[in-house]
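The block underneath contains the structure these notes are about, expressed in structure tokens.
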2 protein chains.
Amino acid sequence: MPKRVRSRRRAKRAHPVSSTLEAVARAARVSSATVSRFFNSPDLLSSRTAERVRTAVQKIGYVPNLVAGALASSRSRLIAATIPTVSQSIFASTIQALTDSLADEGYSVMLGLTGAADENVQRQLQSIIGRRPDGIILTGTMLDPASRKQLRATGIPTIETWDLPKDPIDLVVGFSHEAVGSAIAQRALALGRRRALIVSATGTRALARRDSFARTMLAGGAHEPVVATFAGPTTYGRARRAVAMQLDDRQQRIDLIVCTSDWGAHGVLDELRQRGIGVPDDIAVIGFGDLEFAADLTPSLTTVKIDGAVMGKHAARFLMQRARNQKIEQPLVDIGFSLIVRESG
Amino acid sequence: MPKRVRSRRRAKRAHPVSSTLEAVARAARVSSATVSRFFNSPDLLSSRTAERVRTAVQKIGYVPNLVAGALASSRSRLIAATIPTVSQSIFASTIQALTDSLADEGYSVMLGLTGAADENVQRQLQSIIGRRPDGIILTGTMLDPASRKQLRATGIPTIETWDLPKDPIDLVVGFSHEAVGSAIAQRALALGRRRALIVSATGTRALARRDSFARTMLAGGAHEPVVATFAGPTTYGRARRAVAMQLDDRQQRIDLIVCTSDWGAHGVLDELRQRGIGVPDDIAVIGFGDLEFAADLTPSLTTVKIDGAVMGKHAARFLMQRARNQKIEQPLVDIGFSLIVRESG
DNA sequence: CTGAAAGCGCTTACAG
DNA sequence: CTGAAAGCGCTTACAG
């Protein structure tokens with residue numbers, strides 16, 4: 001009679017267990033260590049052994065449990081990325097490039113949507129840290145000092161993107177919004193425009209561009225720009241209505257409209273056209289983002305191009321360097337931007 | 001002299017270990033089971049004990065390791081969602097709603113970008129299953145039969161969205177693209193339009209709408225629609241150029257342009273305006289999506305509204321029901337759609 | 001209400 | 001090149 005082993009009953013899995021390393025090992029008549037090596041360091045195995053394992057894996061349809069692997073190895077192969085929103089997001093290309101680059105290395109990306117309101121940053125941060133990701137990508141920067149401190153304390157590689165914070169948490173891949181604002185103003189001044197309206201969202205970075213634009217205009221001898229600011233992203237409709245209101249309201253002439261997004265600029269162009277206002281003759285229009293449609297608009301849109309994909313790739317590279325314990329010489333990358341001059345301004 | 005305990009050296013963690021349950025337990029002078037209960041079933045604890053644990057957690061700054069928790073409990077609190085792309089994505093609202101709903105329940109969403117090419121579905125599926133998520137959200141459906149089979153075999157709750165597959169993998173939240181195509185055609189016929197151009201992407205669902213539209217038009221006595229199809233999403237620029245080519249090419253008159261996305265319809269409107277073609281008098285235009293700008297265009301855009309957020313919420317509900325082992329009476333939800341009639345058609 | 005302890009499915013330092 | 005076994009940090013059935 002076989003010895004009765006006391007075996008604890010555990011709750012049934014919510015879903016059927018796919019098989020384990022152990023099962024594959026039995027089928028291949030090797031140890032589970034060998035099966036593990038088959039997946040993680042295949043060149044340690046003789047080709048005969050590898051072949052046997054491969055066969056067993058295939059027969060069983062085994063898919064390694066990365067959760068267990070992460071716990072055992074302290075490497076989750078998970079990257080957490082936070083973006084404000086997925087809709088109409090100028091950050092999409094960064095996430096896309098990041099995801100693509102990392103997929104090749106076996107990493108997955110977990111997306112955290114921070115939303116407009118920053119109320120639940122703290123909770124969200126907990127749920128990110130709780131997953132013990134191998135890296136954290138922030139869009140913009142995390143402003144709450146307590147959160148910054150906690151992040152730094154975890155030691156998880158953290159990359160702030162789309163900005164150049166003065167006191168970085170860790171790594172940075174971004175560009176200067178101040179420089180963008182001032183570049184736009186310089187273009188405006190070169191065109192001889194002195195009466196600007198700037199249509200801006202209230203995000204930190206949009207405001208940085210707005211203020212720098214205004215400063216440079218003033219310094220260049222232009223009038224103080226009129227400002228139309230509203231909460232939330234600069235959408236086609238919001239910008240269009242904001243401009244309509246301004247044009248209805250004001251007696252003062254305007255010869256330039258700067259928008260904190262191409263979507264907004266698009267709405268502005270349509271509003272101006274409907275009012276029979278010539279672009280750029282009466283009013284020049286400059287956007288931000290160089291989105292897909294910018295070149296195809298009538299008139300084509302002068303705007304600022306940000307290479308979001310390049311940011312994503314730099315971020316992925318940083319992460320891989322950290323994963324390999326390589327020293328990072330230059331922990332801050334400024335990818336710059338380019339002013340794309342087209343018909344509208 | 002203390003007994004020398006043989007302790008195995010393990011590789012150093014890539015990043016500093018945040019503290020463990022055990023450390024909190026020591027600080028609070030309770031067992032680690034109690035600390036675990038503090039987080040997972042707080043009402044099992046006396047308020048005195050809970051208070052002591054709370055203090056210790058705070059002092060230490062402890063954040064539970066969800067990876068270890070997932071392994072021990074077989075519940076990852078992770079939901080995997082796949083979408084073709086994050087840029088210009090009509091699916092964004094679904095993901096947003098899904099993420100928001102699930103965050104409240106402590107779930108995180110892992111995003112898989114499938115891209116246009118379906119080459120690496122298999123690899124992607126492995127990396128999803130490997131994480132042992134508590135649910136999988138597919139945008140559209142997974143076409144590869146082997147993948148469908150594997151998915152079903154895992155027993156992980158799987159939700160196909162944005163479509164109504166005939167032979168679902170598991171759960172479904174979507175609507176009928178055939179019905180959309182035919183509803184658009186009915187509107188066109190009611191307007192007396194008989195010579196349609198349809199600008200379509202090559203995605204499965206866009207094609208389903210396109211074909212159903214064509215069928216209904218024919219059945220209604222209209223001419224066979226002219227078709228302009230191109231790979232990739234229907235962007236402003238692509239649709240605009242496609243229409244420009246058609247209008248240059250053809251002698252035959254067209255009195256309606258149907259677009260598989262509002263972005264495309266937007267491009268079409270601009271192209272028609274530039275050519276001095278009246279909308280809807282000369283040519284009516286109908287889009288798809290009812291995106292943010294549709295109502296604000298000039299003329300405002302007639303289009304089909306899909307409530308992506310409702311889909312996301314249904315999906316979240318399904319997932320929670322499965323998590324609680326509740327029976328799901330109706331595993332397929334058709335959320336329908338609405339034709340929004342505005343000026344353009 | 002609380003604790004001791006087995007077990008989740010892997011990885012990897014050690015030893016051969 | 002391969003295996004035995006400790007350990008990753010939790011959860012939870014059992015026993016009180």
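Numbered from 1 within each chain, the chains take letters A, B, ... in sequence-line order. Quantities reported herein were computed from a predicted structural model and do not represent experimental measurements.
- The distance from atom CZ of B/Arg77 to atom C1' of D/dC10 is 13 Å, rounded to the nearest whole Å.
- The only member of B/Ile95, B/Ile137, B/Leu98, B/Val333 that meets side chain to side chain contact (heavy atoms under 4.5 Å, CB included) when paired with B/Thr161 is B/Ile137.
- Of all the residues in residues 38-46 of chain B, B/Leu44, B/Leu45, B/Ser46 reach under 4.0 Å from DNA chain C with at least one non-hydrogen atom.
- Counting to the nearest Å, the P atom of D/dC10 and the CZ atom of A/Arg131 are 14 Å from each other.
- Summary of the strand contacts: B/Ala68 and B/Thr34 both lie near DNA chain C, and taking for each the nucleotide with the nearest heavy atom, the more 5' one is attributed to B/Thr34.
- Between the CG atom of B/Leu71 and the C1' atom of C/dT11 there is a distance of 12 Å, given to the nearest Å.
- One atom, CD of B/Glu22, and another, C1' of D/dG9, lie 10 Å apart when rounded to the nearest Å.
- One atom, CG of B/Leu21, and another, P of C/dA5, lie 17 Å apart when rounded to the nearest Å.
- In this structure, B/Val67 reaches neither bases nor backbone, as no heavy-atom distance under 4.0 Å exists between it and the strands shown.
- Atom-to-atom, CZ of A/Arg29 to P of D/dC1 comes out at 23 Å; the value is rounded to the nearest Å.
- For A/Ser73, no side-chain nitrogen or oxygen approaches OP1 or OP2 of C/dT11 to under 4.0 Å.
- Between A/Tyr62 and C/dG9 there is no side-chain N or O to OP1 or OP2 distance below 4.0 Å.
- For the pair A/Arg152/A/Thr158, no side-chain contact is recorded, criterion being any heavy-atom separation below 4.5 Å from C-beta on.
- Judged by atom type and distance alone, B/Arg37 reaches the base of C/dG3 through a side-chain donor-acceptor pair under 3.5 Å.
- As the counterpart of D/dT2, C/dA15 is assigned, both hydrogen-bonding distances of the Watson-Crick or G-U wobble pattern falling under 3.5 Å.
- Residue B/Arg52 contributes atom CZ, which lies 8 Å from atom P of C/dG3 at whole-angstrom precision.
- Counting heavy atoms from C-beta on, the side chains of B/Asp134 and B/Ile156 never come closer than 4.5 Å.
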- Begin from the C-alpha positions of B/Arg322 and B/Asp170 and carry the test salt bridge (Lys or Arg N to Asp or Glu O under 4.0 Å) through to its verdict. CA-CA 11 Å; B/Arg322 278 286 166 83; B/Asp170 185 7; 2.8 Å; yes
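- Residue-level contact check: A/Ser36 touches the bases, meaning some heavy atom is under 4.0 Å from a base atom.
- Nearest heavy atom pair, residue B/Val172 against residue B/Pro168, reads CG2-CB, 3.5 Å.
- On the C1' atoms, C/dT12 is 16 Å away from C/dG16, given to the nearest whole Å.
- To the nearest angstrom, P of C/dG9 lies 9 Å from CZ of B/Arg132.
- Remark: aromatic rings of B/Phe38 and B/Tyr62 are distant, center separation not under 6.0 Å.
- Side-chain contact of A/Gln321 with A/Arg317: a donor-acceptor pair under 3.5 Å is present, judged by distance alone.
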